[in-house]
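Reading through the structure tokens given below for one structure.
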Number of protein chains: 2
Amino acid sequence: MARHAGVSTATVSRVLSGRGQVSPEMRRRVRRTAEELGYQVNSIARALRNSRTDTVGMVVPSITNPFFTSLVESVEHALGREGKELFLCDAQSDPEVEARRLASLVARSVDGIIVSPSHGTASGAAVQETADRLPLVQLDRFVGGTDTDWVGVDDIAAMRQVIDHLYAGGARSASFVGSRLTNSSTEQRLAGFRRRAGERGMTVREEWILLDDYTVEWGEAAVARLAGLDTLPDAIVCADDLIALGVTRACRAHGIDVPGRVQVTGFDNIEFARLSEPALTTVDQPRDRIAAEAVRLLAAAAESAAGGAPRDPCAHIALVPSLVIRDSTRSAEGTS
Amino acid sequence: MARHAGVSTATVSRVLSGRGQVSPEMRRRVRRTAEELGYQVNSIARALRNSRTDTVGMVVPSITNPFFTSLVESVEHALGREGKELFLCDAQSDPEVEARRLASLVARSVDGIIVSPSHGTASGAAVQETADRLPLVQLDRFVGGTDTDWVGVDDIAAMRQVIDHLYAGGARSASFVGSRLTNSSTEQRLAGFRRRAGERGMTVREEWILLDDYTVEWGEAAVARLAGLDTLPDAIVCADDLIALGVTRACRAHGIDVPGRVQVTGFDNIEFARLSEPALTTVDQPRDRIAAEAVRLLAAAAESAAGGAPRDPCAHIALVPSLVIRDSTRSAEGTS
DNA sequence: ATGAAAGCGCTAACAT
DNA sequence: ATGTTAGCGCTTTCAT
């Protein structure tokens, strides 16, 4: 390339990377030759030299969960505004795969990592090790005992809204259907559920706390279990929308009227939440805001790291989500 | 690292890359030192040296479309079996963004690229240029006039199954709701629809051919349009499940019974297809098989490229999908 | 303003 | 079996 243009590699570099002084004429010549040859800078070599890749890595527990894909979309947009690209990895809900992906992102010298850890404890070691080497922010979920930035929603506050709305709709007893307590989301949401239901004096039987998996199938199975008990709760609070979708569907199959007999709520506000029959009342996560904060924290961390400064103290940013009321719950006026 | 272990960098390389002869003792020593130092090979430098990254790039039109995410999942699994990683990019349904992503994948020297082009013609230049430099296979959708491998389903055969099933359920007229004719999927599906409906002697009015977007919203809007006409078709054939989800939902809102008054079919068999009310009859795409073929083609192309051989002739692999019959259509016995 | 040359971390060829 | 060394393509002093 340099030969073709009859200049030195240094000049080519100066033109193509936009650093240093080059005469307009040289600039034009290099540009034109590059065009003709279809030449592109080799970003591997550039990354090796600069130890910067303008790429951010993101690891999500499951790429088939619509909540995470919409979060990915928000992050991509936020990153696009900074001229950075996203390298997305799927942890397949497996801390081991997750650890491999994190290691590989480190090895590829991404400039920072955004991770929603798949497991509340098992993800810990890998996340902490990664954070020791690179700017890292946890998104949505977090791992206990780690020392990193985090951005997500205030699950406790969200559950307060959910319970209050259900209570206003006449519910005096409630069930909680979530995943196993292996991630922070379910933990926090269950804690918030218990606390507020307690404050409201609602009945919460232990056999109504059903924990397994963030899937539609589990939501369906949970209803089968509930239906097998002697009493049905007035409300079923689900830890995410996929579960809630399964729950409403199974209620229909079991002839349990929603929201007439049982009120149902979800969490996340994925697109399909409004499509189910009945449309799901759920907690809307402010994804764009979450993404923007995460990208901001990453940029800040990268900057202070480049300056050789010690790591900033960690920020934990909890945004308060809002309740989206649809048809799977009763509004206050419907109270008996 | 080499100094810490008291060996040469070459030995370290031999141990850590698993090539060449090293005595067991050395091997142990290097391994242990690497462990202690938390040392990881710099895969940027390795990639620069080997001009191989063990990474495949994938570009999809929209990461929020569940069909593509499940395809991504299948590709990741297939790739995992070969020890390769996936670098996923979202084209945001925009050929320009897509072109940038492709260029950036080339610059990062991925070993191959899997792309589902977002546009049937506008994606052409970028896809072809990319294919001239790297092994590339188009998945699901393809761009006309390009010379690359392709794996997808036989849309024509799929539509034949759909129409025949609808016909058996008593439909004598049909509408088609799809995206604009800017991608091969809709083009092929509409062509298949027209051909088979013609062969069956079904009525297809031009104002029943509604083309806009692969979204739930468009499905809903399309029904509003149909409902405004003087006659309703016996069946609505949708170009994908998102549209079909919108269609069935809007039918419910308009008091149009599905499948009693109108039969509805989707395409892709995304997870939510079975969850809608009524559950959607749709065409199941064999994703795992599609992904496996794509990965195989990529590996073959990479191998022959490494051998300096001229490019193999391109393969176009069309798999025949299968119809999944659920509740949004009438089975033959329900025929009047 | 431009060029020459060193070096980022790795691996393969060659030498021992 | 192990070490030495050149060079992947880039950027960046340091000369000119």
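Here the structure is a predicted model, which is why all the values come from computation and not from measurement. Scope of the values below: all heavy atoms of this structure, side chains included, with no hydrogens, waters or symmetry mates.
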(message) Distance check, rounded to the nearest 0.5 Å: A:Phe87 atom CZ versus A:Ser104 atom OG?
(response) 5.5 Å

(message) Expressed as a whole number of angstroms, how long is the span from A:Arg3:CZ to C:dT2:P?
(response) 20 Å

(request) Specify the residue among B:Ala45 and B:Val22 whose closest nucleotide of DNA chain D lies further upstream toward the 5′ end. (result) B:Val22

(request) Verify the contact: side-chain N or O of A:Thr11 to OP1 or OP2 of C:dG3, cut-off strictly under 4.0 Å; return yes or no. (result) yes

(request) Measure the CD1-CZ distance between B:Ile317 and B:Arg296 for me, rounded to the nearest 0.5 Å. (result) 5.0 Å

(request) Can you tell me the distance, in whole Å, between the CD atom of B:Gln21 and the C1' atom of C:dT11? (result) 16 Å

(message) Can you identify which nucleotide, out of D:dG3, C:dC10, D:dG9, has its nearest atom closest to the A:Asn42 side chain?
(response) D:dG9

(request) Name the closest nucleotide to the A:Ala10 side chain, picking from C:dG3, C:dC10, D:dG3. (result) C:dG3

(message) Once you apply a heavy-atom cut-off of 4.0 Å, does B:Val12 come out as touching a base, just sugar-phosphate, or nothing?
(response) nothing

(message) Please pick, from D:dG3, D:dT11, C:dG3, the nucleotide with the shortest atom-to-atom distance to any side-chain atom of A:Arg46.
(response) D:dT11

(message) Using a heavy-atom cut-off of 4.0 Å across all strands, would you classify B:Ser17 as base, sugar-phosphate, or nothing?
(response) sugar-phosphate

(message) Pick the closest DNA chain D nucleotide for B:Met26 and for B:Arg49 by heavy atoms, then say which residue is nearer the 5' end.
(response) B:Met26

(message) As a test of reading the structure: which of C:dT2, C:dA6, C:dA12 is closest to the side chain of B:Asn50, going by heavy atoms?
(response) C:dA12

(message) As an exercise, state the distance from CZ of A:Arg287 to OG1 of A:Thr69, rounded to the nearest 0.5 Å.
(response) 8.5 Å

(request) Could you check which of D:dG7, D:dG9, D:dT4 has an atom nearest any side-chain atom of A:Leu48? (result) D:dG9

(message) Applying a 4.0 Å non-hydrogen cut-off, can you work out what B:Ser13 is touching in the nucleic acid: base, sugar-phosphate, or nothing?
(response) base

(request) Ignoring hydrogens and angles, answer whether the base of C:dG3 and the side-chain atoms of A:Arg14 contain a donor-acceptor pair closer than 3.5 Å. (result) yes

(message) When you measure from the side-chain N and O atoms of B:Ser43 to the phosphate of C:dC10, is any distance below 4.0 Å, counting only OP1 and OP2?
(response) no

(request) Ignoring the backbone of A:Tyr39, work out which of D:dC10, C:dG9, C:dG3 is nearest its side chain. (result) D:dC10

(message) Side chain of B:Ser8, heavy atoms from C-beta onward: which of D:dT11, D:dG3, C:dA1 has the nearest atom to it?
(response) D:dG3

(request) State plainly whether the residues B:Glu293 and B:Arg289 are in salt-bridge range, i.e. N to O under 4.0 Å. (result) yes

(message) I want to verify a distance call: between D:dG9, C:dA5, D:dT2, whose nearest atom is closest to the A:Thr9 side chain?
(response) C:dA5

(message) Just the rounded figure in Å: distance from C1' of C:dA12 to CZ of B:Arg52.
(response) 14 Å

(message) Base, sugar-phosphate or nothing for B:Arg19? Non-hydrogen atoms, less than 4.0 Å.
(response) sugar-phosphate

(message) Between A:Arg32 and A:Glu35, does any side-chain N to carboxylate O distance fall below 4.0 Å?
(response) no

